[in-house]
Amino acid sequence: MPPKFNPIKMLFNSIEFLIFFPIVTLLFYLMPHKWRWLMLLAASCFFYMWFIPKYILILLITILIDYSAGILIEKWKDDIPRKKSCLVISIVSTCLVLFIFKYLNFCSANLVALAQHFGWSHPQKILDIALPIGLSFHTFQSLSYVIEVYRGNQKAERHFGYYALYVMFYPQLVTGPIERPQNLLRQLHEQKELQYDNIANGLRLILFGLFLKMVVADNLGAYVDKIYENPFAYSSGDILLGMLFYSFQIYGDFFGYSTIALGCALTMGFTLMDNFKTPYLSGSIQEFWRRWHISLSTWFRDYLYIPLGGNRVTIPRWALNTLIVFTVCGIWHGANWTFMIWGFTYGVLLILERGLRNIHLFDKIEGKTGRTIINICNVAKTFVIVTLLWSVFRATSFGNLHDLFTALFHNGAMNNQLQVAPIAWIALTLFIITDILIRKSRFDVWCGQQKTLVRWCIYTFLLFAIIALSSVEQIPFIYFQF
């Protein structure tokens with residue numbers, strides 16, 4: 001049973017945020033540097049409390065734990081047992097909060113199912129709690145601070161307000177990117193000056209991010225929901241189309257959020273890490289994970305994969321490390337067996353991919369044209385695999401996944417009931433074209449390189465599309481539930 005989730009009202013694509021953002025940005029530049037941290041912290045608390053106000057106490061608990069742990073770890077840097085104990089207590093305490101709100105009901109339900117299978121008596125205890133938005137994201141950001149202090153890569157932050165702001169910085173508070181203290185905490189202390197380029201590039205990113213979310217993702221999502229709610233009502237072609245649409249819905253939705261987050265931060269002079277680099281143009285699964293949700297994949301690399309030994313071990317141990325990392329990555333996304341299988345399958349695919357590298361099937365192909373064809377085939381192959389696995393990610397249960405694939409292979413060319421409006425195809429086509437154009441850059445940089453007339457045509461089109469083609473309903477971002 002997944003945790004309850006109540007969508008926040010102050011979404012990036014809401015009227016409330018349209019009022020909130022310029023006020024906060026203006027106040028930031030009007031205030032003296034020494035008070036900016038306080039204003040940003042208050043604004044971030046206000047932003048978070050718009051969801052369920054009392055849940056800010058949960059965030060405060062994790063902040064207090066890891067803030068104190070960082071100071072104690074640095075204090076006892078020469079006392080290895082105490083230092084390690086502080087790290088363990090911090091990690092366990094912070095993860096325990098995450099477990100209670102995100103996984104406790106799931107574990108309880110599975111224990112009951114297991115007990116019933118063996119004929120045992122086991123009362124089911126379900127906590128009536130909602131999942132605090134972004135809990136997994138700010139948990140990982142908080143943990144990265146403690147681990148970096150333990151490793152000696154980051155000085156312990158003595159100013160409680162700055163540390164709290166590092167965890168709660170509103171642009172990336174609920175859906176990342178998951179920042180490292182060496183990047184964000186350092187910037188919070190710096191005095192930021194008003195610069196035209198920061199404002200211009202930040203607003204470009206926000207505009208593009210809103211287009212990705214409101215025009216691309218939300219319009220595609222309307223058809224995806226229909227397919228997954230009742231797959232037997234649609235033909236095999238419709239189901240394949242729904243699976244294709246979901247690949248671009250989740251990309252547009254999450255890429256859109258990350259882009260807006262980068263833009264909001266940049267208008268105040270803060271640089272956050274890029275979370276996506278045209279992942280659907282990847283030629284392999286390994287490359288896909290270097291380009292998709294970069295802040296999460298690098299987090300697992302640095303704090304789980306490398307400590308396990310990474311690839312500096314025997315091949316069987318490396319394979320085990322890979323399976324562990326990607327299974328945990330799947331579990332991180334949600335308390336559902338489908339997420340676990342999704343992550344585990346990626347681990348298996350990466351192991352197979354490494355094994356197949358030694359089979360040089362195309363070594364004899366020469367010439368630019370031949371290599372281009374091979375690269376296109378690799379990109380297509382990777383995209384098909386990723387799309388199939390997104391169906392596991394999107395399914396609400398194994399039953400739902402079973403129904404989807406049963407209908408896919410048995411419904412054939414039944415009467416097509418999925419009427420796709422032209423707007424969905426237009427939005428998807430524009431997204432693909434744009435993704436190809438910015439494959440070696442970022443939208444704000446690419447846009448800034450265009451002639452003035454071209455830039456303003458792009459701004460006008462994006463703004464018109466957002467106003468005229470977006471959904472009337474305010475739809476939460478997909479990753480808010482994680």
Side-chain angles (χ1 to χ4, degrees), residues 5 7-15 17-18 133-134 137 171-172 174-177 204-229 241-264 274-281 288 291-293 296 333-334 383 386-387 389-391 393-396 418 420-438 442-443 461-482:
F5 174 73
I8 189 172
K9 292 181 180 179
M10 196 185 288
L11 304 168
F12 280 169
N13 55 329
S14 68
I15 297 297
F17 188 77
L18 189 63
I133 59 167
F137 287 90
Q172 44 84 233
V174 294
T175 315
R204 286 172 189 148
L205 289 171
I206 292 170
L207 189 62
F208 183 54
L210 288 173
F211 170 79
L212 294 178
K213 165 61 179 171
M214 300 173 70
V215 179
V216 178
D218 290 352
N219 278 295
L220 296 178
Y223 302 101
V224 172
D225 291 344
K226 292 177 182 178
I227 292 294
Y228 280 85
E229 284 170 4
L241 186 61
M243 293 165 70
L244 172 71
F245 277 7
Y246 184 67
S247 287
F248 285 99
Q249 180 200 359
I250 192 169
Y251 180 25
D253 193 283
F254 197 13
F255 184 25
Y257 181 95
S258 297
T259 303
I260 298 169
L262 265 63
C264 291
D274 291 324
N275 223 3
F276 295 89
K277 291 184 179 178
T278 56
Y280 289 167
L281 297 179
F288 171 77
R291 293 166 171 257
W292 175 274
H293 202 170
L296 180 68
H333 281 83
F383 178 74
V386 169
T387 296
L389 282 173
W390 278 136
S391 65
F393 186 94
R394 174 59 177 81
T396 55
L418 187 66
V420 181
I423 178 179
W425 287 112
I426 294 171
L428 179 57
T429 302
L430 288 172
F431 185 19
I432 294 172
I433 292 172
T434 306
D435 215 38
I436 294 172
L437 288 174
I438 64 172
R442 199 171 71 175
F443 178 79
F461 171 77
L462 292 177
L463 191 59
F464 170 79
I466 291 168
I467 295 171
L469 306 179
S470 59
S471 173
V472 176
E473 183 184 358
Q474 188 184 99
I475 302 173
F477 289 84
I478 293 173
Y479 265 69
F480 268 32
Q481 64 187 297
F482 305 134

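Starting from 1, each residue takes its place in the sequence as its number. The shown structure was predicted, so the numbers you read here are calculated from the model rather than taken from an experiment.
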If you round to the nearest 0.5 Å, how far is CG of Leu241 from CG of Leu220? 9.0 Å

Nearest heavy-atom pair of Ala261 and Gly176: which atoms, and what distance? CB-O, 4.0 Å

Got Asp435 and Phe255 here, is their nearest side-chain heavy-atom distance under 4.5 Å? yes

Pairs touching residues 204-220 that satisfy side chain to side chain donor-acceptor pair (under 3.5 Å), sequence neighbours left out: Asn201-Arg204, Arg204-Tyr459, Lys213-Asp218, Lys213-Asp253

Please list, one pair per line, the donor and acceptor atoms closer than 3.5 Å that link side chains of residues 427-434 to other protein atoms, with sequence neighbours excluded.
unit_1	atom_1	unit_2	atom_2	d
Thr429	OG1	Trp425	O	2.8
Thr434	OG1	Leu430	O	2.7

Exercise: identify the closest heavy-atom pair between Ser258 and Phe276: OG-CE1, 3.6 Å

Tell me, please, which residues at least two apart from Ile466 pass side-chain contact (heavy atoms from CB on, under 4.5 Å). Leu207, Leu210, Phe211, Met214, Val215

Partners passing salt bridge (Lys or Arg N to Asp or Glu O under 4.0 Å) against Arg442 (at least two apart in sequence or in another chain): Asp274, Asp444

Taking every heavy atom of Arg291 against every heavy atom of Lys277, the minimum-distance pair comes out as NH1-O, 2.9 Å

Hey, could you give me the CG/CD1 distance between Leu281 and Ile438, rounded to the nearest 0.5 Å? 9.5 Å

Identified ring-ring contact (aromatic ring centres under 6.0 Å, His included) partner of Trp390 from the options Phe248, Tyr251, Trp292: Trp292

Rounded to the nearest 0.5 Å, what separates atom OG1 in Thr278 from atom CG in Leu437? 11.5 Å

Restricting to non-hydrogen atoms, name the atom on Tyr223 and the atom on Ala424 that form the minimum distance, rounded to 0.1 Å. CE1-CB, 3.8 Å

Holding to side-chain contact (heavy atoms from CB on, under 4.5 Å), I want the full list of residues that pass it with Ala222, two or more places apart in sequence or in another chain. none

To the nearest 0.5 Å, what is the distance between CZ on Phe254 and CD1 on Ile478? 10.0 Å

Suppose we screen for side-chain contact (heavy atoms from CB on, under 4.5 Å). Which residues come up paired with Thr387, at least two apart in sequence or across chains? Met243, Ser247, Phe383

What verdict does the side chain to side chain contact (heavy atoms under 4.5 Å, CB included) test give for Phe137 and Thr175, after you've listed the backbone C-alpha separation in whole Å, the side-chain angles of each residue and the deciding distance to 0.1 Å? CA-CA 6 Å; Phe137 287 90; Thr175 315; 3.8 Å; yes

I'd like to know whether the aromatic ring centres of Tyr257 and Tyr479 sit less than 6.0 Å apart in this structure. no

So, for Phe17 and Leu11, which heavy atoms are closest and what is the spacing to 0.1 Å? CB-O, 3.1 Å

Could you tell me the separation between the CG atom of Leu296 and the NE2 atom of His333, rounded to the nearest 0.5 Å? 5.5 Å

Hey, are the side chains of Phe288 and Val386 touching, using non-hydrogen atoms and a 4.5 Å cut-off? yes

Contact check, side chains of Phe12 and Ile206, non-hydrogen atoms, under 4.5 Å: no

